[in-house]
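Working notes, structure below.
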Amino acid sequence: MSIVFGIRLSILIFFVLSVVNLSLQAQEIIITKERDLDFGMTFAGITQDFIIDLDDPGSAFFTLTGPRNTDIFISFVLPDQLVNNNGTGTIPLTFDDTSAGWSRRENQTPPDGNLFDPAIGTEATIHPGGGGQLGSSFVWLGGVITIDAQQPAGAYSGTATIIVEITGL
Amino acid sequence: MRKLYVCLGILILLICGKTDAQVTIAPPLVVMDRENPYGSYLVANRSNQVKEVTISFKYGYPVSDDEGNVSVQYIDAPDSSHRTAVEWVRAFPRRFVLEPMQEQTVRLLVRPRGEVQEGTYTARIITSSERADSEPGSFVNNDNEVSTRINFKFNQVSALMYRHGKVTTGVEIEDITTKHADDNLDVYASLRRQGNSPYIGSARLRIYNGENKVIKETSQSIAVYDEMVRRFRFAGDSIPPGDYTAELTLSTSGRSDVSSSVLIKAPDVTKTFTISI
């Protein structure tokens, strides 16, 4: 192994360790969207409510990762309608006080006590996990859209915001 | 050699680059003062998507109800009783695009206006991020079909504190009550901030048996801006019936998420009380 190769390898290893270290030392909550809120596709001309519950595969699903046992507050800013991209119509979008939930376990539907109104928000805690400095908790979001019989066909969209903050600061 | 670089590059992405992860920010608390009104924090894109990031400020702080449920109260037009730094702070840059694995240092500058009393002035930093390519209408649908899509923005909120003059903090434990409900033992501590700055620290509650041995212990981070009720919950069936001594200690140390060098120090506060189950 040449000296030049050794120096290059050392620099590279230092860089890798620095990046990993920075990632682990970032004392902040990392939000990861694992799944979109998906109401599926339907044919126009049919009046129907499309309800997405938290345990539905169409519910939005997020992972929150951060320092273990960190107390956080989670809330959403949500649109009350989706707008046709052509500007020719809207679809009402509604949420209630059980449209969101959080859990300490990824494969567990949020228990009743952890359901919340997404517009109001809730306290949550980053689960300690199996050790180490970082843990995770999980958030689900459902909702209801109402398609009218005269609904123009098309692609409808809106923007929602998930807000996460540490309550100990 | 090239293969080695490629392998290590893949390793970095595997470790740090979650596909749909949003940006990370650090540190979660930026502190400035009259002598050094400049601060900064790092925004890093650990995903493999291009992110558009926007920085803004609001005035708000953690509050609680009587049951110890904590939320964050935002005040759009704070009166003179609130020590807000929102109108004084500027961020550079305020809007930028981050390529995958790219970082951006955001510089902060606080310029107080008017007559400023001693104390700590605060703001919440809203770091908002979204996919740069998430344009409404980029998805398609077939004729006679209705398709929907919701784009998500991510707001990560951190804290900014500007200290002017001599700053002090402390906390008083005004009252402690206990309640048994839903098979849980809840301990409520009513806290009131002392001094002219928020109390940022930790709370540790220990329950001792008759032999003075700790049988239960819990701790949590606290931020007391004015007054607050904090709730400590234990599973009721985990403590046998009997009389116990409990000890609540509040300290400005014990925080793993904030550098101790930026916290205002205050003496520990301890209150001892009895619990009957």
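Here is the naming used below: chain letters follow the sequence lines, and residue numbers restart at 1 for every chain. This one's a predicted model, so the numbers in the text were calculated from it and none came from an experiment.
No side-chain heavy atom of A:Val164 sits less than 4.5 Å from a side-chain heavy atom of B:Asn155. Using a 4.5 Å heavy-atom threshold, the side chains of A:Ile166 and B:Asp257 count as touching. By the 4.5 Å heavy-atom criterion applied to side chains, A:Ile30 and B:Val23 are not counted as neighbours.
Considering only residues two or more places apart in sequence or on other chains, B:Ser253 meets the side-chain hydrogen bond (donor to acceptor under 3.5 Å, both in side chains) condition with B:Ser251. With sequence neighbours excluded, the residues forming a side chain to side chain contact (heavy atoms under 4.5 Å, CB included) with B:Val50 are B:Val97, B:Glu99, B:Pro100, B:Ala132, listed by chain and number.
The candidate from A:Ile163, A:Leu37, A:Asp36, A:Leu169 with the greatest count of non-hydrogen atom pairs under 4.5 Å with chain B is A:Leu169.
Looking at A:Ile120, there are no atoms closer than 4.5 Å to chain B (heavy atoms on both sides), in backbone or side chain. The contact between A:Phe62 and chain B is made entirely by side chain atoms (from C-beta outward), counting heavy-atom distances below 4.5 Å. Of the two parts of A:Phe39, the backbone and the side chain both hold a non-hydrogen atom closer than 4.5 Å to a non-hydrogen atom of chain B.
A donor-acceptor pair under 3.5 Å links the side-chain atoms of B:Arg255 to the main chain of A:Gly168, judged by distance alone.
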| request: Could you walk me through whether A:Ile162 and B:Gln156 pass the side-chain contact (heavy atoms from CB on, under 4.5 Å) test, one step at a time? | output: CA-CA 9 Å; A:Ile162 179 172; B:Gln156 289 161 277; over 6 Å; no
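Heavy-atom minimum distance, A:Glu123 versus B:Val70: OE2-N, 2.8 Å.
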